[in-house]
Amino acid sequence: MTPRYEPHEIEAKWQRVWEDEGAFHVPNPVAGEPTAENHWYQLEMLPYPSGPSLHMGHVLNYTMGDVQTHVRRRSGWHVVRPMGWDAFGLPAENAAIREGKHPRETIERNIETMRAQMKRLGWAIDWDREVSAHQPTFYRWTQWLFQQFVKNDLCYRREGPVNWCPNDQTVIANEYVVDGHCERCGAEVELRNMTQWFMRTTAYADELLEYPDAEWPARTMAIQRNWIGRSEGAEILFDVEETGDDIAVFTTRADTLFGATFFVIAPEHPFVAAHASEEAKEYARHAGARPVEERAAATKKTGVFTGLHAVNPVNGEKLPIWVADYVLMDYGTGAIMAVPAHDERDGEFAETFGLPAQVVIDDDGKLVNSGRFDGLPAEEGARAIVAELEAEGRGKPTVHYRLRDWSVSRQRYWGCPIPFIHCEQCGVVPVPEEQLPVILPDIEDYAPKGKPPLAANEEYMAVECPECGGPARRDPDTMDTFVDSSWYFLRYIDSHNHEAPFDRFVVDYWLPVSQYIGGIDHSTGHLLYSRFFVKAMNDWGMVGFREPFARVFHQGWVQLGGTKMSKTKGNVEGPDEIVDRYGADAVRLYILFMGPADQDMEWTPDGVEGIVRFLRRLWRVVHEVAEAAPAEGAREGSLARKANETIVRVTDDVLRRFQFHTPISAVMELVNELSGAVDAPDARFATETAVSLIQPYAPHVAEELWAALGHERLWEEPWPVADESQLVRETFELVVQVNGKVRDRLEVDSGLSEDELVARARESERVRSYLNGGEPRKTIVVPRKLVNFVV
RNA sequence: GCGGCGGUGGCGGAACUGGUCUACGCGCCGGACUCAAAAUCCGGUGCCCUUCGGGGCUUGUGGGUUCGAAUCCCACCCGCCGCACCA
């Protein structure tokens with residue numbers, strides 16, 4: 001008598017077993033003792049506990065990692081798979097503000113909920129390694145690392161224009177300004193001049209363009225390269241005739257230098273205030289104040305002549321200097337030579353103001369009207385011109401980047417305190433290491449008001465200067481939460497270490513992360529920052545590797561009703577109610593079955609029903625087989641062969657192809673074949689294989705069915721290996737084509753020679769009717785597949 | 001404008017290295033069970049013809065390479081994503 005499939009009972013039961021046994025705890029290697037060679041660090045981006053629940057995107061993400069973890073573990077790999085919480089930062093704080101609670105209260109409650117949800121989904125996580133960014137045991141080391149960056153001149157303080165979000169009342173990084181708006185709240189970002197801490201990401205700009213041995217999606221590398229925006233060109237000095245000043249321009253088209261007919265500087269260029277006409281200064285004051293997006297959107301170009309001239313170093317021509325807002329101060333040098341014949345924007349400007357144009361590159365891409373450089377191909381001409389200017393000290397090849405240093409100071413409460421002290425006598429002094437961590441005080445009024453909330457807390461702010469002992473002030477800002485997430489994956493490896501952020505030996509063993517799974521939206525932020533962190537730490541000898549993530553995979557968005565699930569759209573469906581209805585195994589299977597995991601997918605309730613049906617069918621078939629099939633089952637036969645083929649497919653898909661939906665289809669096929677032959681001699685073997693292969697996806701029901709088949713501890717059972725001898729078929733279906741069109745299919749013996757295959761194919765009545773009794777011009781034989789006659 | 005990814009039934013998708021296009025699932029149609037329905041089970045299902053033997057056509061469009069193309073090459077169309085008055 002087959003018992004009913006009761007997912008909730010089964011799931012709770014096995015989750016308890018795994019928890020009690022510490023089934024997924026993985027110890028670190030110990031120095032001096034033998035270590036397992038084939039190790040795997042499976043990591044998915046850690047969640048923000050800012051919302052009250054996991055969403056289906058998390059479910060997709062972590063289930064994928066879970067399948068990978070189970071298959072690897074059971075294939076003999078040493079797999080570490082930790083979890084933690086990105087608990088600091090704006091989203092968490094804003095959520096707390098909405099609830100009228102302290103951020104600590106909100107996020108700690110959210111963490112509780114999410115952890116319970118994760119356990120309910122049965123994910124094989126090593127909870128012993130859990131960390132959260134807001135715990136002093138974690139942020140002590142975030143502060144310590146921050147000081148190392150400062151010590152190594154990779155973090156510095158500077159006054160300069162920064163992006164200010166008027167709604168969130170804080171500076172935000174360039175990476176989180178989208179079209180001039182705050183990525184989080186959508187408010188229009190203002191530029192403010194402030195003294196801020198910056199991480200010197202630009203120090204690694206060139207290296208960040210390279211991905212040695214990394215298996216990253218082409219998309220992600222392209223996004224990062226775009227963001228870094230490396231541009232090779234030359235800097236050329238122009239002398240201002242009236243003042244004798246030198247102004248540098250940056251150009252990628254030195255070959256068009258003879259085509260320069262005027263000269264343009266940005267409104268913010270210091271030369272404007274120093275020397276330009278009153279009219280030009282007036283223009284600059286207005287134009288410079290307009291945001292870049294507005295400038296770009298303008299349909300007509302604007303500008304004013306300064307009354308001054310720049311001398312073209314290559315031919316002595318005097319070019320009128322204009323101020324115009326289409327030239328930006330923060331790219332290149334803030335000044336350009338304008339070549340209207342070969343640059344669209346310069347062309348537009350010239351047309352608007354009636355300035356001349358000069359063609360210097362002909363249709364063949366060769367230089368003309370360029371004096372002694374005439375006839376050279378453009379690229380060669382550019383090199384020759386720059387070389388000549390360099391000899392005269394008027395130019396040199398240079399490289400410019402779009403990437404800017406990462407601003408990390410936040411004028412908000414809920415973040416990692418910055419471990420520096422400001423002393424009037426001694427300047428900016430690090431908090432002594434033995435005094436770390438600087439504890440984030442529990443304050444009542446943490447609401448943002450334009451000034452960092454900590455600044456109002458005298459108890460926190462007033463300190464003794466560690467150097468002179470005099471009165472000094474703490475840094476009232478907190479760190480960008482992306483500082484926390486730039487190294488959390490290292491802390492997971494050694495989360496109980498009280499002496500150091502981590503031990504190099506264990507980190508070098510596990511890292512780089514073997515497979516990192518997370519959203520592509522982190523390409524120019526978290527993923528870039530983490531690479532920067534690891535390169536720096538490698539340079540200081542803290543770690544023995546240079547890239548944090550060997551392989552990266554981006555999950556698609558889970559959509560509901562055609563749009564990405566999001567709280568603002570109100571179409572979020574959390575996992576709880578779906579697990580309530582169908583059980584965790586069904587949810588896990590369906591989220592992966594919907595389609596390729598890196599594509600956006602639409603959540604449809606009907607689809608889940610199909611998976612539930614499959615689980616019930618599996619349940620029934622297994623129980624029937626347990627009763628009907630011979631106990632000492634045969635390992636050969638058509639079912640056994642199907643089972644072996646399924647082993648090959650599932651294993652290859654998960655381990656090599658990183659594809660998760662097709663293995664489910666493969667097991668479904670196997671179960672479909674089984675359901676008609678539960679008493680076959682090889683049915684038991686095929687059934688055990690099916691249960692074993694589905695275990696990474698549906699570990700609870702698989703464990704229960706494994707027990708029904710008379711075994712135990714499937715989660716530790718070695719991953720099935722295909723019996724090669726059973727993969728060989730005695731016969732196969734020979735496809736016979738005439739002129740590439742399929743005309744017949746014949747079941748033939750696998751041992752036939754090519755000639756015999758052709759002979760069999762020619763015997764076919766249907767094929768004969770297409771051959772019309774004649775001889776084929778050509779015959780193609782693909783062994784074990786097909787014969788093609790060309791007539 | 002520059003860069004990246006994609007386009008296969010009614011739907012999600014499979015086909016990995018050029019070799020049987022449409023696996024698996026959803027939906028739909030028919031049947032069994034039932035007083036009835038749900039659930040479950042069995043069978044069918046790309047499109048168009050058909051004398052029911054079968055025939056023709058199908059992977060965004062057009063061309064090419066090849067015995068053979070969803071797959072490789074060229075051009076174009078459409079969609080999504082990143083960067084962008086970046087000199």
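Proteins come first, then strands; the chains are lettered A, B, ... in the order of their sequence lines, and each starts at number 1. Reckoned from all heavy atoms, side chains included, excluding hydrogens, waters and symmetry mates.
- At the phosphate of rG3(B), neither OP1 nor OP2 sits under 4.0 Å from any side-chain N or O atom of R225(A).
- Nucleotides of RNA chain B nearest to F593(A) and H661(A) differ in position, and the one nearer the 5' end is that of H661(A).
- Between R649(A) and E645(A), none of the side-chain N atoms (NZ, or NE/NH1/NH2) sits under 4.0 Å from a carboxylate O, so this pair counts as no salt bridge.
- Checked by distance alone, R656(A) brings a side-chain donor or acceptor within 3.5 Å of a matching partner on the base of rC16(B).
- Between R657(A) and D652(A), no side-chain nitrogen of the basic residue sits less than 4.0 Å from a carboxylate oxygen of the acidic one, so the salt-bridge criterion is not met.
- For F349(A) and F262(A), the ring centers are positioned less than 6.0 Å apart.
- Both distances falling under 3.5 Å, in either a Watson-Crick or a G-U wobble arrangement, place rG1(B) opposite rC83(B).
- Distance check on atom C1': rG13(B) versus rC21(B) gives 13 Å, rounded to whole Å.
- A salt bridge does not link E210(A) to R531(A): none of the charged side-chain nitrogens sits closer than 4.0 Å to a carboxylate oxygen.
- Nearest nucleotide to the side chain of E669(A), out of rC85(B), rA14(B), rC24(B): rC24(B).
- Residue Y770(A) places at least one side-chain N or O closer than 4.0 Å to OP1 or OP2 of rG55(B).
- You'll find that the side chain of I336(A) is closest to rA87(B), out of rC24(B), rG4(B), rA87(B).
- Along RNA chain B, the nucleotide nearest to Q224(A) and the one nearest to E733(A) differ in position, and the one closer to the 5' end is contacted by E733(A).
- Side chain of I780(A), nearest nucleotide from rA87(B), rU20(B), rG19(B): rG19(B).
- A donor-acceptor contact under 3.5 Å links the side chain of N788(A) to the base of rC67(B).
- F482(A) has its ring centre less than 6.0 Å from the ring centre of Y176(A).
- Across all strands shown, rA36(B) remains unpaired; no Watson-Crick or G-U wobble contact has both distances below 3.5 Å.
- More than 90° away from 0 lies the glycosidic angle of rG13(B), which makes this nucleotide anti.
- Between rG25(B), rA14(B), rC67(B), one nucleotide has an atom nearer to the side chain of K778(A) than all others, and that is rC67(B).
- For R743(A) and rG56(B), the shortest distance from a side-chain N or O to OP1 or OP2 is below 4.0 Å.
- Within 4.0 Å (heavy atoms only), P217(A) reaches no atom of the nucleic acid at all.
- In this model, no side-chain donor or acceptor of Q737(A) finds a partner on the base of rU20(B) within 3.5 Å.
- Pairing partner, rC41(B): rG31(B), with both Watson-Crick or wobble hydrogen-bond distances short of 3.5 Å.
- Between the side chains of E175(A) and Y529(A), at least one donor N or O lies within less than 3.5 Å of an accepting N or O.
- Contact annotation: R402(A) side-chain N/O to rA84(B) OP1/OP2 distance is under 4.0 Å.
- Here the separation of rC78(B) from rU20(B), taken at their C1' atoms, is 31 Å to the nearest Å.
- Taking a 6.0 Å sphere around CD of E747(A), one finds it holds more than 12 heavy atoms contributed by other residues, nucleotides or ligands.
- Side chain of R613(A), nearest nucleotide from rC85(B), rG27(B), rG19(B): rG27(B).
- Closest approach to the T662(A) side chain among rG3(B), rA15(B), rA87(B) is made by rA15(B) (side chain taken as heavy atoms from C-beta onward).
- Within 4.0 Å (heavy atoms only), Q659(A) reaches sugar-phosphate atoms of the nucleic acid but no base atom.
- In this structure, of rA39(B), rA14(B), rC41(B), it is rA39(B) that holds the atom nearest to the side chain of R616(A).
- In this structure rG63(B) sits in the anti conformation; its chi angle is more than 90° from 0.
- Counting only heavy atoms from C-beta on, K741(A) has its side chain closest to rC57(B) among rC57(B), rC21(B), rG82(B).
- Distances from the side chain of N226(A) to the nucleotides rC83(B), rC24(B), rG19(B) place rC83(B) closest.
- When distances are taken from the side chain of R657(A) to each of rG4(B), rA87(B), rA15(B), the shortest belongs to rA15(B).
- Using a 4.0 Å heavy-atom cutoff across all strands shown, D652(A) reaches at least one base atom of the nucleic acid.
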